Structures are given as C-alpha cells and as structure tokens.
Amino acid sequence: MHAYAANVYTSVVEELMKGKQRKFIAVEQEFFRLWWDAVATDTHKQQVHQLLQEGRLEFVIGGQVMHDEAVTLIDDQILQLTEGHGFLYETFGIRPQFSWHVDPFGASATTPTLFALAGFNAHLISRIDYDLKADMQKNKKLQFVWQGSPSLSESQEIFTHTMDQYSYCTPSQLPFSNRSGFYWNGFAVFPDPPKDCVYPNMSLPVTDSNIHMYAQAMVANIKERAAWFRTNDVLWPWGCDKQFFNASVQYSNMDLLLDYINKHSDEFGVTVQYATVGDYFQAVYSRNLTWEIRNSQDFLPYSTEPFQAWTGFYTSRSMLKGVARCASSLLYAGESFFTQYVRKHPAGSICKHAALKQLQSLRWAVSEVQHHDGITGTESPKVTSMYMDNLMYGMFNVKKLMASIIFDMNNAKKSGEVYYTYNKDSGKPGTTDIDHYVIVYNPLAWNITTIVAVPVNISSMSVYDELGHSVPAQIQSSAESHSIYDLYILVELSGLTYKKYNVKPSNDKQSAFTGRSTKYERKDVMHSVQQSQKLLPVSGNCYEIMFDQSTNLMHSITNRETNQSVQVTQEFLEYHVNGNVTKGPISDNYLFAPNASAIPVSQAVGMEVVSGNLVTEIRQYFFSNVTAQYYTHAVFTRMYSVPEGYDGKLLCHRIEQEYSVGPLEVNREAVLRTTTNLNTGQLLYTDDNGFQIQKRPFKAYVNNTIARNYYPMVQTAYIEDNTTRLVLLAERAHGVSSQGNGQVEVMLHRRLWNNLQWDLNNNLTLNDSSVVRPVFWLILGTKSATNVLYRTSGLALQHRPVVMFGTFSGDKPELPGQLRQTSAHSFSVTVPPNLHLQTLSIPGWRYSSNHAEQVRTIHMGKQKQGDADFSRVLLRIRHLYEVGEDPVLSQPVMVNLKSLLKELGSVKLVEERSLTGTWDVNTLKRWKWKTVQNQSKGFSNSTKISDDFTVTVHPKEIRTFFVYFQDQ
C-alpha cells in the first residue's frame, strides 16, 4: 500500500484529468478502499466521481480481491464479490459488468456462473494450460460462450475471452533496446520509493529518434495477436504487476506513441485508442458474430511448461487454508445469529453498530484471504502472518459478539459469563453453586443430530438439557494429553437454534458413559508375516471396519445396511522433491514437481481402540521405525452410534478421520493414499469450489504425469465402480489425485526450500514447519445412497455447530421461565435437504434498491452518511442438486419466504436481486451473445415472486433476495 498501490490511484487519477483520451481499469477494491478512506483528498474523490461518469475510469470485477479459483469455496467467492460491489454501489452507484480474471492459476467453471449471476456481460481469463492455449490460439478459439453450469446452461452463460500467449502484460522485448519496453515508470521498489525517483529498469523515453522503432515494435505485436482472434479488434493490455505507480511518465510516453501510430495509420494498417475492458467487449459484441459454446468443463489444473504443473498450491500453507475456512464458517454462523437478535430483540442491550463493525472485521478478513496469492499459500511468510492476524482478530470479534448475544438473551446476572473456550476451572470443587453450560448453535437451516466434543479436566461428568433431563454423553481420556478428557455430547438442534447443556461433575448412574481403551502393540509394517491374517473388527451403527492385526493398518470397510464390503488400506507416503535449480525442476509454493513415485514414511504402526456407546475411536500412530520414540503421523478414526429415538442418518453414515502430519523434513510432500479394490479405471471426481462436480480421467503425459494429474479438492472427491462409491469430504482445500486403479490420494502438507532466485527474492520457499490437523469424513455406499448424503454432509462438515461455554450463577437452578419455554425450539428456520440457506445476514448498506434514486442521490452529493441500515435482510437460497442427479432431490422446490422467516417477524416486502444485491433482477438485461445454439435442456426460469411470497428454486440456482419486515 505504502510503496505502490496508493501511488497508483493518486497518480492515475491526476493523470486521467490531464487528457480526455486517457483511460484506466481498476480491479481490487481492498486497495482502492484503503486509498479512498486514508489517502485520497476531497479533490481526488470528486475527480473519481467525474471519471467514472465519463467512463474513463472503469472498475472491473469490483470484488475486494481477484479471488483464486482453485481452492476457494463458492460462499467466500460470493462474499468477497458482494463486499466490493456493496461499497462501489453505495459510494458511486456503479455496478461492474466485466471480469478481468487474469492471474488465478487455472480457471474454474464456477466463476463464469457467478459472474453471470452478478450481472456481468463478459468474462476474461488468462492462465490455462500452455499446450491447450497454443492450440486454441492457432485455431482462433480463444473466445467462446461458456455455459459453466450444466443445469443452468444458457440461462447463466457468459461470453469468455482468453488472453493469448502474452497474457496480461505488455510485451517487454524491444529490438532496439536492452531495457524492457513500454514500462517507462520502471519497477516498484519496496518498502520506500527511491529518493531521486529513478526506478530500476525504466524503459527508454519516447523521442523523435526512436518513436518510429517503438511504433513498429508495437504494431508488429498487435498484428501477430490479431491473427489469433476472429474480429479486427485487438485487446492490448498496457501494464503488468506493480505498474502505473508513476502514471505521469507512463501516460506522457503512451500519448506520444499512440498519436504517432494514428497519424501514420495508412502506413501501419492499424489505429489505436485508449480503452477499458468494457470498450473492448462492446466492440466485439457489436460485430454480432456467432460463437461456439463451451460446456461446464473447467481449466484445471494449469501448467506453464512441461515440468511446471501449478498443482502444489492446492495444499501449500495448509494451516492458513484451514483457518480461512474456519473463519468463513464462523462468519456464516455469526451473521444469522446477529440477524435473529436484531429482529427478535429490538430493545436488546447490545449496540447494533458496534456489533456490525465486529462482523465487518471478519467479512473483510475472509474476503481478503480469498486473493489468488492468499489462501493459495503463494505469499511470503510476512503476508501469511498478516492474513492470519486479520482472520484471528475477526474471529475473536465475532466470538465475542455471539457470546454477548447469548448473555443478553438469557438475562444473565452480572456474575455469569459466556466465553468461547473451555474454562479449565469449570467443575472443580468449590464451584458447585455455579452452573456450567455448554452452549451449542446450529448455523444450518436443517434439523441436525450430531456429536460435539468438549475438553474437560475430570473423568466423570453428567450432562442435562434445560429441562433437567439426562443427555447421552461419553467421556474418555484424550489422545492429546493424559490430564484432559474428551466429553462427547449428543445434540439435537433445529435449524438456526441454540441449546444450553448443563455439565456437572458426577459419579451416579446418570454419568456419561466411560470409553474403554484397548492398546495394541506396535507392529513392524515392513516385515509383517502374512501367514494367517488375524482381523480385528471395530463397529459403529452403520459401518464395520476391519484392521489387520499383523500391521495395525485398515483392511476393509463394510456398510452394515447393504453389506457392501470394500477392501480399504491407508498409508502415509511422501514425495521427495528437488530444491536445487541446477539439478532439475523444483517444487515451490506454486509448483509440484516430484522426482519419482511417493515413498512410504513409516515402518511401524501402534494402535489404540477406545470404544463407547456413542463414539468408537481408533487411534493409529505411525513411527519411522519400530524403536522410534515419537510418532511422525497419526490417524484418529471415529465412528458414531446413535441411540434409539434420535435421527442419526447423517451422523451414523460418516467415518470421521483426523490426521496429524508434521513437522516434515525439508523438500517432502506428505500424502495419505487410500487404496481400495473398487475397479475405478483411475477415474476421479472432484468439486469445483464446493458448487459442482468435475470428472477427472487420468491422463498420461510425456513429462510430469504425477503432478499434472493432481486436482484441487475444495470440499468433495470420490471414486466409484459400477455399484459402490467412496466419498471423501474435507474442511479445507487439498490437492487430490488417483495415481492407480481404485486409489485416491490426498496431499496433506508440504515443506520446501529451493534456490530459484525469484523465489528467494520474494521469500517464497515454503519452509513450513507446522503440524497440521485436517479432518475428513468418509462415506461408503451405493451411488444413490451417497448421492443423498454427500452434499448435506459436506455442508455439515463445513458448518459444524458453534460451541461456547458459560457459567450462569443463580439463586434458583432453573433458568427464568420465559427463557425456558423459548430457548431451544422456539425459533427455527428450516429448508428441505436439497436446499441450502446460503446467506442470512444484515449487510448494513445504505444504498437505495431503486437504481434511479440511488444514482440521483449520489449525483446530488447526498449519499447517506453515518448510520447503517438494519432493516434490510439479505437472504440467499441455493439448490444443491444438478438436473437429473437424483429422482427426488433434483426436483424444483417451492419455498414460501413468509413462512420460512416467520420467526423473524412478518414479511412486508421481498425484492429479488442479482447475486451481489446491486441489480433488481427484473431490470437486469445482460448481453445475449449469438451462439451455435443447441436445443436447451435447461428451463426458462421465472423470477416472479408470487403475492404470498412463494418462489420456485430450480436445480443449481442461487437466488438472492432483500427481505423487509413489518416494524415490531
């Protein structure tokens, strides 16, 4: 910001005012907002308004950041886009209509769908496989109409332009100079600008003696590129990373050159003009050509040359990936919790403005980390720390807010407290007059039955609900430490409700069941004798897992309902990679370049089984050899049993696995490989951004086959044969691959060092010595049974209940009567299992939802300052299924918004909006590009809201609404 970005906005705005012909595009709102709030003068602000009106400054994309496309979750992409769009619309009344996704490492098929839903007329990408790009370029196929979603097809298609081989930077080679060409401001210097304003590598200034040569070089490049496109319009991007920080020297040279070419256009055969992306797309659109359609196939993974597969970043900085997702789900819970509080407790004691600021701090942090050098793990350690600090600060704020809301809604006495981490003094002698509670909030709009784990420090506890009834629970020694116990509590919660569970030390018959531990001696995996296989069965309600007692490794899993049995073995392996550029291709934050096949890491495995009435946990410890003192890797596998009278379908059908990996040795990439006897033909399925599934057939390449068959797994991956499917669900992004028939391997952690000068200069060597603890859920069953389970389960893993702890001391043991009746099930928002309540929040924007009024207000300089608007509720509903995926769940669903939200108050008005809220869908008319039209298999969706507030949600739709209630 200090060394570069602020100077871009200041100098560009000043320079644009000096020449009516000059233009500029700006993308990321985070930098712009920091400049607008802290650097821009009143004059600058006035000039920005004028330039936007004249169309000479154009915001493209308009999100907080240019988000990564491979490892981000759809919810977070939408959040960061909405954050930026809300600011732009509130401040300037403008709505971006074009994308500029030039830098993400590969292109997902979710992005074009989201940009179409946000009202964009065209999409622009750049980084796709080098060999594919060369082929498209040769055949003039770099532009197409992309139907990113198979179910939404042409209703949300978007014209897409792929940058040619020069990508998004001005070509820098000049035949007449050994300096870079066209970069007159040189390269930015960090952290402070040079005193004499002489930057490294400034291009030769344009003079009378070289202007003809400059023009020849530029025109030659324009003509080379023109041959790759179907129209006579060539997009020539002028700039690159960290450019235009000294815009005056840049524009003055550009002006001279453009004028010269246009004066000699007869000779050159070219005319040139300053343009925005919108100008370019308008020119192409007005040619009225007919375009080919691309289906829902994405452009992942991405390679830049034979040994440069950008598949390492799918796993880089796994801890940051985990914290980013954890923050995202806490924000999701905090938003709906706060919305309910504002609607139902208008006279509550919490300051709504301060509360909104707490939520905004986490919105900002979760938005910012979606950057294509953020959650990707492709930033320097200092920047990682900044992301982590901002996420932790935002999470702390939202946790504090949720705790204070509970405190306020429970009219707790001053001596009580609600906090976010377990208070170790809870339950100690002498504190018997204080009631200790575990408070559990379900952020999903479904009724759930699940188990929450609470660390406690005594070995015998009882758990009661608010009516004093005993609740099923189990307690056992923690794998982490002998002085801590894991208390597992079975919780049943309606959609968007919380319950309080009273936890007490006890020794009576109502105590939690105590888990029984059996330890098995460490086995030498390398030299195990396979005379007669002794198998150890371990069972839950839905599955039985067999372990081979000669190795302590998993042998098979049986689905107890269908009796399907699949051989399943799991092992940790490591890819050894090279860090010396003189010895061959290297792995770094971005790239994965294995030397050879992965190598098993452990020679010996120890095992402990803790069995109980709710949870059975298998703890496997992996050692480098039989006598090693410490384990290097661990797997904690949990299966659940659900007592009679509870709906345990989702809970019972998952096998939970938590892995412990690290610290690794340097230049090692750790994978967990699961090998089955399913005949999969090496076909893998993975998700794009938790939104849709992509088919990933194994491809053989001349070079680098292992790395080029790695794909991002944001939430889901599975393998299957004709009858059976094995699904893996994750709570953070990983790289995933199928390197053999019946196999799926997940990269869990990377630790690298290399001597590539560029990596060293930017401190991008990924010497990550952390221990990571990712969690996976496994589901095994028929295709039809897993179809019903895996989408809801993936969301249940992402949005596990929020657990808080509280002490409420009172003269009487029970809660105030009013609360006792209303606490658990009074408020409930539930949608059918094929829908997901994707957003329920109070954004706080002050803009008018009537566009003409909003623009008028801004032009008159009367934008409302000050108070946020708490009356507008933002609601998004997403259909989870594709057309034809399931006979029942793929059907359209009718939802009555009035009855869905009745607990929030009486719905007065519903407006359907574009994805980010800035368009009324009835006035949004996107450009219709002509295509080689296939017969539509989609539907013509009606966006009408009936008089009784009923809407029909079709497969894969994301519908966005503003909801207003009658005043309380």
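In this text the structure is predicted, and so the values were computed from the model without any measurement. In this chain, numbering begins with 1 at the start of the sequence shown.
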Would you call the rings of Tyr341 and His345 parallel, tilted or perpendicular, where under 30° means parallel and over 60° means perpendicular?
parallel
Donor + acceptor pair across side chains of Trp845, Glu90 (<3.5 Å):
no
Tell me yes or no: between the side chains of Gln64 and Arg33, is some donor less than 3.5 Å from an acceptor?
yes
Centroid-centroid distance, Phe59 to Phe32, less than 6.0 Å:
yes
Looking at Phe870, I'd like to know if its CZ atom is crowded, meaning that more than 12 non-hydrogen atoms belonging to other residues, nucleotides or ligands lie closer than 6.0 Å.
yes
Has Lys898 got its NZ or CZ under 6.0 Å from the middle of the six-membered ring of Phe949, at an angle within 45 degrees of the ring axis?
no
Do Tyr790 and His653 have side-chain atoms, one donor and one acceptor, less than 3.5 Å apart?
no
Does the ring centre of Trp919 sit less than 6.0 Å away from the ring centre of Tyr89?
no
Does some side-chain heavy atom of Val727 sit less than 4.5 Å from a side-chain heavy atom of Thr716?
yes
For Phe120 and His85, take the angle between the two ring planes, folded into 0 to 90°, and tell me which bin it lands in: parallel under 30, tilted 30 to 60, perpendicular over 60.
tilted
Side chains of His371 and Glu28: is there a donor and an acceptor less than 3.5 Å apart?
yes
Would you please say whether a donor-acceptor pair under 3.5 Å links the side chains of Thr839 and Ser841?
no
Can you establish whether the number of heavy atoms outside Lys908 located under 6.0 Å from its atom NZ is more than 12?
yes
Pairwise side-chain contact, Ile78 with Leu81, heavy-atom cut-off 4.5 Å (strictly under)
no
Please work out which of the three classes, parallel, tilted or perpendicular, describes the rings of His101 and His123, given edges at 30° and 60°.
tilted
Mark yes or no: Lys499 above the aromatic ring of Tyr441, with NZ or CZ under 6.0 Å from the six-membered ring centre and no more than 45 degrees from the axis.
no
Give me the ring orientation class for Phe962 and Tyr847: parallel if the planes are under 30° apart, tilted from 30 to 60°, perpendicular past 60°.
tilted
I want to check something: taking the side chain as every heavy atom from C-beta on, are Gln358 and Lys400 in contact at a cut-off of under 4.5 Å?
yes
Testing the 3.5 Å rule here: is there a donor-acceptor pair between the side chains of Asp688 and Gln694?
yes
Using distance alone, with no hydrogens and no angle criterion, decide if Asn850 and Ser848 have a side-chain donor and acceptor under 3.5 Å apart.
no
Got Arg654 and Ser793 here, is their nearest side-chain heavy-atom distance under 4.5 Å?
no
Step-by-step side chain to side chain contact (heavy atoms under 4.5 Å, CB included) determination, Val438 to Val440
CA-CA 6 Å; Val438 175; Val440 186; 3.9 Å; yes
Side chains of Thr111 and Glu69: donor-acceptor distance under 3.5 Å anywhere?
yes
Is the closest side-chain donor-acceptor distance between Arg876 and His836 under 3.5 Å?
no
Looking at Glu912 and Arg959, is any side-chain nitrogen of the basic one under 4.0 Å from a carboxylate oxygen of the acidic one?
yes
Can you list, pair by pair, the side-chain donor-acceptor contacts under 3.5 Å of residues 70-77, counting residues two or more places apart and other chains?
unit_1: Thr72; atom_1: OG1; unit_2: Asp68; atom_2: O; d: 2.7
unit_1: Thr72; atom_1: OG1; unit_2: Gln77; atom_2: NE2; d: 2.8
unit_1: Asp76; atom_1: OD1; unit_2: Ser328; atom_2: OG; d: 2.6
unit_1: Asp76; atom_1: OD2; unit_2: Ser328; atom_2: OG; d: 3.3

Is it the case that the side chains of Ser349 and Asp408 hold a donor-acceptor pair, with the cut-off being a distance below 3.5 Å and no angle test?
yes
Under 3.5 Å, is there a donor-acceptor pair linking the side chains of Arg791 and Tyr881?
no
Could you verify whether a donor N or O on one side chain and an acceptor N or O on the other, from Glu911 and Ser849, lie under 3.5 Å apart?
yes
His879-Glu957 side chain donor-acceptor pair, cut-off 3.5 Å
no
Are Tyr314 and His734 an aromatic pair by the rule of ring centers under 6.0 Å?
no
Could you check if a side-chain atom of Glu157 sits within less than 4.5 angstrom of a side-chain atom of Trp146, using non-hydrogen atoms only?
no
Just verifying a value: how many Å separate Leu117 CG and Thr960 OG1, rounded to the nearest 0.5 Å?
7.5 Å
Please report the interatomic distance CD(Gln838) to CG(Leu880), rounded to the nearest 0.5 Å.
9.0 Å
